[in-house]
Amino acid sequence: MNKNLYIETYGCQMNIADSEVIASVMAEHGYSQVQDITRAGIILINTCSIRENAEQKIWNRLKEIRSLKRKNRKIIVGLTGCMAERLKEELLEKELIIDIIAGPDAYRDLPALAKEAENGRKAVNITLSRCETYSDISPAYDENGGISAFIPIMRGCNNMCSYCVVPYVRGAERSRDPDSILKEAGDLVRRGFREITLLGQNVDSYKYISGNQVTEFHHLIEKVAMTDRLLRVRFTTSHPKDISQELLRTIARNENICRHIHLPVQSGSSRILQLMNRGYTREDYFSRISAIRNIIPDCSISTDIITGFCTETEEDHEETLSLMKWAEFDFAYMFRYSERPGTRAARRLKDDVPEEIKLRRLNEIISLQNSLSKKSKRHDIGKVFEVLTEGFSKRSADSLTGRTSQNKVVVFPGSGKKKGDYVNVLIEDCTSATLKGRII
Ligand code: SAH
Ligand code: SF4
Ligand code: F3S
């Protein structure tokens, strides 16, 4: 039988990392990954449920995959990840081509599920675990000169933000053994990786207790940073209610921990933040930003914003705009609220902001953020940044691209330099998306 495995990944960085765990589990059982879907004996779609349109994308993709399966009925199609967990057996009824359903904590079981499917039975495992962290599985990293990797340091989430499906589809928060994280970081460094991003839904609540030793996030990140000083360390996501002074001081004293914090605010209105169950007010958020600016003056700050949450008024929306102006975010991901069945907001609040108002407000925040992002880039002109080279620029073959510690993309002419090299670049110009400069 055909043991070619094709994996397609949707959703967040956590899912990208999970796909590598899946590939590794399957490789142990003789499956080898292919990049061409038409050669696959088994197709796994690693899915996302965060907003309705994320799921819609997957339904559409399944329609396309139907024709492959019609041509070759032996192909096995599996859905893994958050949407598999959310919709469970319901998926089998809605889409007949699906053979396997595996939730985020069931990846060790995938080879057995695949076997069942080969025998013509539908195979389902959506059990969530309180302890699964896949800490002993070495992910199947890109061996073709990859320089950047993600390491999940925890799974699940305990926060119960009222709009969010993650706690339901990913289960309770659990932190991974720091020794396994450090081992993975060390392996990556030996294989030539230059950048590691530590991943969790709320990294600030990372905590691992072993005997009388307690490891918190700031301890962990410092240890990872000390693995190799040429390694860049990033992390995401921080939560405004939990980000600590110790973490900020740890970043400040370790130059290879990147000067970039992603601190999702979601809304600028304290009333809406309370309905969202975020655990902080507008003022608390201001004081976090001030602390970051005091302790790490060259830090960039990015955020996530949801517009049109239940009961949001024009005044609430204005408060989001004014908070954005005050914070001067360098970058933002912006979404309109999408009701997720089963969440607290879906059960208790009315999704009462009309779609056209959500859209208008979203366009307003996007256009404000565009001008803030431009301002942030213009501010860098004339300065010199250390850039980690990531490869050739898509636009021009003799230009290289890389990022600053602040996570801004830089394009620069760079003959003789290659992926993984650090270079000092003087910024001379910028476009809406990138900085432009030359090596000095
Ligand atoms: N754990 C992270 C982010 C998780 S999801 C955090 O707490 O910040 C990424 C982003 O998707 C969220 O920050 C939020 O802005 C957005 N999001 C989550 N649920 C959403 C929903 N129901 N509708 C619209 N956006 C949503
Ligand atoms: Fe969702 Fe909130 Fe957890 Fe983030 S912190 S994953 S938004 S519940
Ligand atoms: Fe999506 Fe699941 Fe990530 S819902 S955003 S893939 S945790």
Side-chain angles (χ1 to χ4, degrees), residues 8-19 22 45-58 79-87 103-105 128 150 152-174 198-206 235-243 261-268 272-273 275-280 285 288 301-310 312 320 329 331-347 349 351 353 355 358-359 361-362 365 369:
E8 199 165 287
T9 309
Y10 294 83
C12 63
Q13 294 160 333
M14 190 65 88
N15 254 17
I16 299 175
D18 279 0
S19 289
I22 292 174
I45 316 277
N46 199 9
T47 60
C48 174
S49 271
I50 199 81
R51 285 167 289 274
E52 198 185 342
N53 58 9
E55 290 192 354
Q56 198 49 53
K57 232 194 256 169
I58 290 152
L79 244 63
T80 61
C82 299
M83 187 175 166
E85 189 65 46
R86 190 177 91 74
L87 294 171
D105 289 343
L128 286 174
F150 299 124
I153 60 163
M154 57 208 296
R155 298 183 71 84
C157 183
N158 284 352
N159 279 315
M160 294 291 173
C161 301
S162 62
Y163 51 81
C164 183
V165 77
V166 171
Y168 302 90
V169 293
R170 292 236 160 210
E173 180 186 293
R174 64 222 98 122
L198 304 178
L199 294 180
Q201 295 297 350
N202 176 2
V203 291
D204 307 289
S205 67
Y206 175 91
F235 57 98
T236 194
T237 306
S238 297
H239 197 301
K241 78 177 163 57
D242 295 318
I243 189 166
I261 296 179
H262 185 61
L263 196 66
V265 65
Q266 315 297 2
S267 167
I272 294 289
L273 288 170
L275 287 177
M276 288 176 162
N277 195 31
R278 286 289 288 178
Y280 55 87
Y285 191 84
R288 295 294 175 278
I301 302 175
S302 57
T303 202
D304 292 348
I305 296 171
I306 298 176
T307 190
F309 186 64
C310 311
E312 187 187 75
T320 299
F329 294 115
F331 183 80
Y333 294 103
M334 295 156 282
F335 313 100
R336 61 190 142 137
Y337 172 56
S338 162
E339 187 179 80
R340 306 314 289 130
T343 56
R344 209 189 289 184
R347 282 182 278 125
L349 301 168
D351 182 12
V353 178
E355 219 38 50
K358 281 184 186 169
L359 202 57
R361 290 180 188 162
L362 179 64
I365 62 169
Q369 185 54 47

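Whatever order the structure lists ligands and atoms in, that order sets their numbers, starting from 1. The structure displayed is predicted, hence computed values, not measured ones.
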Ligand-residue contact atoms, ligand 3 with [X], heavy atoms, under 4.0 Å:
X    : result
C48  : 1 (Fe), 4 (S), 5 (S), 6 (S)
Q201 : 7 (S)
C82  : 2 (Fe), 4 (S), 6 (S), 7 (S)
R170 : 2 (Fe), 7 (S)
S49  : 1 (Fe), 4 (S)
N15  : 6 (S)
C12  : 3 (Fe), 5 (S), 6 (S), 7 (S)

TODO: Taking the side chain as every heavy atom from C-beta outward, state whether N202 and K241 have any pair of such atoms under 4.5 Å apart.
DONE: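 They are in side-chain contact.
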Do [X] and [Y] get their side chains close enough for a donor-acceptor pair, meaning under 3.5 Å?
X    : Y    : result
T80  : N46  : yes
Q266 : Y163 : yes
T236 : Q13  : no
T237 : H262 : no

TODO: For the pair Y333 and F331, name the ring-plane relationship: parallel under 30°, tilted 30 to 60°, perpendicular over 60°.
DONE: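 Ring orientation of Y333 relative to F331: perpendicular.
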Task: Residue and atom, protein N/O/S, under 2.8 Å of atom 2 (Fe) of ligand 2 - done: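 N, O, S partners closer than 2.8 Å: C161 SG.
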Task: For Y280, ring-ring contact (aromatic ring centres under 6.0 Å, His included) partners two or more places apart - done: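 So Y280 forms a ring-ring contact (aromatic ring centres under 6.0 Å, His included) with H239.
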Open item on the list: Using the ring-ring contact (aromatic ring centres under 6.0 Å, His included) criterion, which residues pair with Y206? Sequence neighbours excluded.
Closed with: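 Testing Y206 for ring-ring contact (aromatic ring centres under 6.0 Å, His included), a comparison that skips the adjacent residues, returns none.
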Can a salt bridge be assigned to the pair [X] and [Y] using a cut-off of 4.0 Å between side-chain N and carboxylate O?
X    : Y    : result
R340 : E55  : yes
R170 : D18  : yes
R155 : D105 : yes

Open item on the list: Among all the protein's non-hydrogen atoms, which is closest to atom 7 (S) of ligand 2, and how far away is it?
Closed with: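 The answer is Y163 OH, 3.3 Å.
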Exercise answer, ligand 1 polar atom pairs (N/O) under 3.5 angstrom:
from	atom 1	to	atom 2	distance (Å)
ligand 1	1 (N)	Q201	O	2.9
ligand 1	1 (N)	Q201	OE1	2.8
ligand 1	7 (O)	R278	NH1	3.3
ligand 1	11 (O)	R51	NH1	3.1
ligand 1	13 (O)	Q266	NE2	2.8
ligand 1	13 (O)	D304	OD2	2.6
ligand 1	15 (O)	Q266	OE1	2.7
ligand 1	17 (N)	R51	NH1	3.4
ligand 1	22 (N)	Y163	O	3.1
ligand 1	22 (N)	S338	O	2.7
ligand 1	23 (N)	S338	N	3.0
ligand 1	25 (N)	R51	NH1	3.3

TODO: Mind listing the closest non-hydrogen atom pair of M14 and P152 along with its distance?
DONE: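 For M14 versus P152, the nearest heavy atoms are SD-CB, 3.9 Å.
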TODO: Test E312 against K358 for salt bridge (Lys or Arg N to Asp or Glu O under 4.0 Å), laying out the working first.
DONE: CA-CA 9 Å; E312 187 187 75; K358 281 184 186 169; over 6 Å; no
